[in-house]
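What you see below is based on every heavy atom in this structure, not just the backbone, and it leaves out hydrogens, waters and symmetry mates.
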Amino acid sequence: MDVNKMLDYLKDVLEKMPTGWLNLTTHRLDIYDEHLAKTEFLNQFETLYKNNNSQLESLSALPTAYDYIRLGHPLSCILEWAISKLNNIQSENVFGFSSKTAPILAILRKNLLDNKNTEIYYTGELPQYFDAEILKSVYAYKFELKKVDNAQVFSKTNGSTIFISHQNEISKIIANSEIDFHINIQEQLGSILFVNENNENYISEIQHVRRRETIAMTPANCLCALKSLVEKTHIEAAKSDLKANKKLVLDTIKEVTGSSTKAVVGSSGLSIQYAIMMGLIHDANENHKGKAIKFIVP
């Protein structure tokens with residue numbers, strides 16, 4: 001692939017893209033086909049790329065890309081497509097997460113169900129919210145943590161190998177065939193997960209977790225990442241007053257509900273439901289030891 005041609009095309013797309021790509025969080029569910037989702041969107045987007053067509057009318061006519069921003073959205077699909085092209089891999093093997101820990105949990109979840117060991121290698125520091133003790137005691141996930149200086153110091157095991165790194169280049173993949181999953185942490189944006197081609201049976205499971213328990217990298221952050229690719233500059237996250245905005249949301253919830261209890265805000269309704277369930281399990285393990293835990297789902 002002609003990299004410069006692709007980057008020039010992306011630059012045009014970002015300049016002419018529909019405003020909804022950045023501002024909407026709910027897409028046309030009446031024309032949404034979950035089974036085709038990312039594939040349908042990217043197949044037609046690639047046709048536009050081959051025809052060098054970046055006109056607003058053509059971009060607006062593309063199929064919707066997933067529901068809400070949980071499993072994905074137009075800019076996350078394009079970011080994953082661009083990264084895959086730069087690394088000569090399938091776009092299905094690239095996932096952008098708003099969370100820095102969710103991609104790790106997605107792999108651990110499948111390996112628990114498959115009774116498979118997981119070794120997590122990392123440079124620098126682990127994500128702030130990665131609590132190994134809770135993941136083992138509450139989620140029953142099984143894994144080993146190993147801090148390393150680089151990605152070349154370990155060999156293949158009988159289980160899965162995850163390598164976590166912090167890199168300025170969002171599209172860069174560490175070249176080591178022994179790595180099953182490479183997670184590139186972006187402190188300002190979230191994380192990018194690369195799935196080795198020998199582990200493609202994990203893809204649907206990772207998609208399931210991203211849709212049911214978290215969200216994709218947000219439209220605003222995907223736009224920042226794409227701009228860093230086309231402009232070949234360091235990533236600069238969109239400026240926002242998180243502290244003031246969060247206070248406004250919490251104050252509004254308190255006002256609307258008339259409740260005196262403290263609210264907890266998550267990335268999506270499903271992620272909050274999941275957090276509540278796992279929190280209840282955590283509480284039951286500590287305060288009702290030995291008793292069965294059952295959820296009644298209406």
Side-chain angles (χ1 to χ4, degrees), residues 7 9-29 32 37-38 41-42 45 54 56 59-60 62-84 86 91 94-103 127-129 166-172 183-193 207 209-211 213-250 252-253 265-272:
L7 295 178
Y9 176 74
L10 285 179
K11 185 176 181 179
D12 286 341
V13 168
L14 296 182
E15 290 175 353
K16 300 173 184 176
M17 70 179 190
T19 56
W21 282 14
L22 182 62
N23 299 325
L24 293 181
T25 57
T26 304
H27 296 287
R28 290 280 305 282
L29 301 189
Y32 163 71
K38 180 177 177 178
F41 176 87
L42 286 182
F45 178 79
S54 57
L56 173 60
L59 296 173
S60 299
L62 288 170
T64 190
Y66 299 159
D67 56 331
Y68 307 99
I69 59 171
R70 295 196 304 260
L71 190 52
H73 49 85
L75 288 174
S76 71
C77 289
I78 293 172
L79 175 63
E80 292 160 11
W81 175 83
I83 291 175
S84 71
L86 290 172
S91 61
V94 183
F95 293 86
F97 283 84
S98 181
S99 168
K100 303 175 186 67
T101 58
Q128 180 181 357
Y129 300 109
H166 302 255
Q167 298 183 80
N168 290 327
E169 294 182 51
I170 196 167
S171 63
K172 187 175 181 180
I183 299 172
N184 184 353
I185 301 293
Q186 292 290 324
E187 293 299 334
Q188 298 172 300
L189 308 183
S191 58
I192 299 291
L193 167 62
Q207 287 176 334
V209 169
R210 190 164 72 167
R211 183 171 186 232
E213 299 165 21
T214 184
I215 61 172
M217 187 178 289
T218 65
N221 285 346
C222 284
L223 182 60
C224 292
L226 283 164
K227 284 183 176 179
S228 76
L229 285 181
V230 300
E231 296 170 4
K232 300 178 182 178
T233 58
H234 289 299
I235 292 173
E236 292 187 13
K239 294 181 180 179
S240 67
D241 193 340
L242 178 62
K243 187 176 181 179
N245 291 339
K246 187 173 182 179
K247 183 179 184 303
L248 177 60
V249 169
L250 295 176
T252 303
I253 292 172
V265 180
S267 59
S268 68
L270 286 172
S271 67
I272 281 289

Met217 CE to Phe95 CZ distance, which is reported to the nearest 0.5 Å: 13.5 Å
Val230 side chain near Tyr9 side chain, heavy-atom distance below 4.5 Å: no
Exam field: side chain Asn23 to backbone Pro219, donor-acceptor pair closer than 3.5 Å: no
Donor-acceptor contact below 3.5 Å, side chain Ser171 vs main chain Ile83: no
Ring-face cation contact, Phe97 with Arg210, 6.0 Å cut, 45° max: yes
Gap separating the CD atom of Glu187 from the NZ atom of Lys100, nearest 0.5 angstrom: 5.5 Å
Thr101 versus Tyr129, closest heavy-atom pair with distance: CG2-C, 4.0 Å
Heavy-atom pair with the smallest gap, counting every atom of Ile183 and Ser191: CG2-CB, 4.1 Å
Ile253 vs Val265, side chain to side chain contact (heavy atoms under 4.5 Å, CB included): CA-CA, chis, key distance, verdict: CA-CA 10 Å; Ile253 292 172; Val265 180; 4.2 Å; yes
4.5 Å side-chain heavy-atom contact, Leu223 and Asn221: no
Verdict with reasoning, Trp21 to Leu14, per side chain to side chain contact (heavy atoms under 4.5 Å, CB included): CA-CA 10 Å; Trp21 282 14; Leu14 296 182; over 6 Å; no
Separation of Thr218 OG1 from His73 NE2 (nearest 0.5 Å): 6.5 Å
Side-chain heavy atoms of Phe41 within contact of Pro74, under 4.5 Å: yes
From Ile192 atom CD1 to Asn184 atom CG, the distance as rounded to the nearest 0.5 Å: 7.0 Å
Heavy-atom side-chain contact between Thr252 and Leu248 under 4.5 Å: yes
Least distance between heavy atoms, Leu42 atom then Trp81 atom: CD2-CB, 3.8 Å
Among Cys224, Ser98, Ser228, the one residue meeting side-chain contact (heavy atoms from CB on, under 4.5 Å) with Leu189: Cys224
Side-chain heavy atoms of Cys222 within contact of Ser76, under 4.5 Å: yes
Distance, nearest 0.5 Å, that separates NE2 of His166 from CD of Gln186: 10.0 Å
Nearest atoms (heavy-atom pairs only) where Leu7 meets Lys232: CD1-CE, 3.7 Å
Minimum heavy-atom distance Val209-Ala102, with the two atoms named: CG1-O, 4.5 Å
Where Leu59 and Met17 come nearest, the two heavy atoms and their spacing: CD1-CA, 3.9 Å
side-chain hydrogen bond (donor to acceptor under 3.5 Å, both in side chains) partners for Lys247, two or more places apart: Asp251
Candidate pair Asp12 and Leu10, rule side chain to side chain contact (heavy atoms under 4.5 Å, CB included), full reasoning: CA-CA 5 Å; Asp12 286 341; Leu10 285 179; over 6 Å; no
Nearest-0.5 Å distance that lies between atom CG in Leu270 and atom CD1 in Ile215: 11.5 Å
Side chain proximity check, Val94 to Leu79, heavy atoms < 4.5 angstrom: no
Chi angles and distances behind the side chain to side chain contact (heavy atoms under 4.5 Å, CB included) call for Ser54, Lys16: CA-CA 7 Å; Ser54 57; Lys16 300 173 184 176; 3.5 Å; yes
